[in-house]
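Below: one structure, written as structure tokens.
Basis for what follows: all heavy atoms, side chains included, without hydrogens, waters or symmetry-related copies.
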Protein chains: 2
Amino acid sequence: MVDAKSGDDSLLFLTDENLRRGIEAMFFAYRGFTSDPDRILQGLDYGRAHHRAVHFIHRAPGTTVGNLLDILGVTKQSLNRVLRSLFDDGLVEARVGRKDRRERHLYLTEKGAALERSLSDAQRARMRSAYRAAGPVAVAGFRTVLEAMMDAEQRRQYQAQYHGAKDGAP
Amino acid sequence: MVDAKSGDDSLLFLTDENLRRGIEAMFFAYRGFTSDPDRILQGLDYGRAHHRAVHFIHRAPGTTVGNLLDILGVTKQSLNRVLRSLFDDGLVEARVGRKDRRERHLYLTEKGAALERSLSDAQRARMRSAYRAAGPVAVAGFRTVLEAMMDAEQRRQYQAQYHGAKDGAP
DNA sequence: AATTTATGTCAGCCTTGTTGACATTCCAAG
DNA sequence: CTTGGAATGTCAACAAGGCTGACATAAATT
């Protein structure tokens with residue numbers, strides 16, 4: 001079911017105007033998307049970078065530092081600053097790898113898991129409300145377009161569900 | 001047409017797992033979304049903040065500084081730093097308001113328009129490719145979910161198409 | 001005439017990214 | 001067994017781009 005006015009296969013959704021609207025939608029939506037966690041984090045000594053680290057450690061417990069570097073796409077120096085403060089505050093702990101003892105496997109402590117929960121509860125609440133308002137068909141489309149917007153490498157990581165936890169604890 | 005396995009109205013798309021996937025999709029997709037302009041801007045003296053300013057000035061020529069502050073959601077000090085460099089480099093010009101001469105109305109110069117074009121061409125190309133791959137139905141869903149994810153005020157601005165250019169030139 | 005609004009600007013701070021250099025540990029290949 | 005390279009940590013320095021606070025100016029509004 002396409003646009004009746006269109007003789008072709010209705011590529012009207014590809015006009016520059018529509019693309020611009022999509023670009024701006026991404027801009028505004030991303031602001032909303034990050035605003036709740038940002039609000040929680042301000043006042044604490046943490047920022048968005050800590051949120052990301054905590055999220056992906058929760059997501060793939062036992063993931064290595066190198067793995068996290070790949071996922072987050074930052075330098076190790078930048079990540080290290082974040083991880084150090086999370087170690088110091090007892091939110092994350094690193095266990096030396098059993099097979100490869102150079103690797104550090106990262107786990108949330110109880111305290112870290114509590115912060116993760118408070119952040120992701122807020123973010124999930126917004127996402128859930130948006131999903132519910134939009135309905136399952138729209139949600140499927142949402143995910144399809146977002147995946148098509150990723151770089152190949154990002155898409156691979158997204159779809160792979162991060163097989164990052166190769167090793168257990170020592 | 002919902003999930004046949006579900007006795008309820010199929011709220012299976014609202015599971016925490018699905019919400020998490022959506023959250024991560026936003027994270028990775030936004031990285032892709034900004035990567036092309038970022039690549040162009042690095043090397044030049046500009047960053048993402050300049051891109052945003054240039055985008056919205058192009059979008060609503062004659063918009064005022066205050067208007068831009070509302071849209072971008074930053075402080076005037078932060079925006080001013082960006083605008084000053086754009087003035088100095090001759091990418092943006094400010095004209096004193098005709099009705100209210102306190103206001104500065106912002107316009108892209110030829111040079112500014114050229115930069116805007118190069119940035120938005122890159123970003124549109126990615127968006128077009130994603131749209132084309134996903135198809136019109138998915139795109140509609142994409143936009144619906146993104147709008148539902150915005151704060152009310154952001155949504156208002158998004159839907160209003162920025163009636164920002166209240167005044168002409170002096 | 002007094003107040004408010006729109007804008008600009010200075011100074012200083014924070015977070016989070018960057019590069020470069022270097023040390024440590026330790027697996028794996030020769 | 002030795003050594004090369006991989007994984008990690010750390011120090012220093014820097015930049016972009018947010019922020020707050022304070023103050024200045026011009027113009028509109030009351």
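Scanning for salt bridge (charged side-chain N to carboxylate O under 4.0 Å, His left out) contacts around A/R102 gives A/D100, with sequence neighbours left out. When the side chain to side chain contact (heavy atoms under 4.5 Å, CB included) test is applied to B/Q77, the partners found at least two apart in sequence or on another chain are B/T75.
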Donor-acceptor pairs under 3.5 angstrom involving side-chain atoms of residues 126-138 of chain A: please list them, not counting sequence neighbours.
unit_1, atom_1, unit_2, atom_2, d
A/R126, NE, A/G32, O, 3.1
A/R126, NE, A/D36, OD2, 2.8
A/R126, NH1, B/M149, O, 2.9
A/R126, NH1, B/D151, OD1, 2.9
A/R126, NH2, A/S35, OG, 3.1
A/R126, NH2, A/D36, OD1, 3.2
A/R126, NH2, A/D36, OD2, 3.4
A/R126, NH2, B/D151, OD1, 2.8
A/R128, NH2, B/D16, OD1, 3.1

Show which side-chain atoms of residues 79-91 of chain A pair as donor or acceptor with protein atoms under 3.5 Å away, not counting sequence neighbours.
unit_1, atom_1, unit_2, atom_2, d
A/S85, OG, A/H50, NE2, 3.1
A/S85, OG, A/V82, O, 2.9
A/D89, OD2, A/Y46, OH, 2.4

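Counting to the nearest Å, the C1' atom of C/dT19 and the CD atom of B/Q42 are 13 Å from each other. Atom pair B/L79:CG and D/dT20:P shows a separation of 14 Å (rounding to whole Å applied). Put simply, CZ on B/R81 is 15 Å from P on C/dG12, counting in whole angstrom units. Atoms CZ (B/R84) and P (D/dG17) sit 14 Å apart, rounded to a whole Å. A straight line from NE2 of B/H105 to P of C/dG8 spans 12 Å, rounded to a whole angstrom. For the pair A/L44 CG and C/dT16 C1', the computed distance is 17 Å after rounding to whole Å. Between the P atom of D/dA16 and the CG atom of B/D38 lies a distance of 14 Å, rounded to the nearest Å.
Using a 4.0 Å cutoff on non-hydrogen atoms, the parts of residues 45-54 of chain B near DNA chain D are B/G47, B/R48, B/A49, B/H50, B/R52, ordered by number.
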Produce the list of close N/O pairs, under 3.5 Å, pairing protein atoms with atoms of nucleotides 6-9 of chain D; give distances to one decimal.
unit_1, atom_1, unit_2, atom_2, d
D/dA6, N3, A/R102, NH1, 3.1
D/dT8, OP2, A/G66, N, 2.9
D/dT8, O4, A/K76, NZ, 3.2
D/dG9, O6, A/K76, NZ, 2.6

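Between the side chain of A/R155 and the backbone N or O of A/M150, at least one donor-acceptor pair lies under 3.5 Å.
Toward the 5′ end of DNA chain C lies the nearest nucleotide of A/G73, the other residue of the pair A/R101 and A/G73 mapping further downstream.
Annotation: B/F56 is in aromatic contact with A/F27 [ring centroid separation under 6.0 Å].
Considering NE2 of A/H105 and CD1 of A/I57, their distance stands at 13.0 Å, rounded to 0.5 Å. With rounding to the nearest 0.5 Å, the separation of CZ in B/R143 from CG in A/N18 is 5.5 Å.
Judged by distance alone, the side chains of B/H55 and B/Q123 never bring a donor and an acceptor atom under 3.5 Å apart.
An OP1 or OP2 oxygen of C/dT18 is reached within less than 4.0 angstrom by a side-chain nitrogen or oxygen of A/T75.
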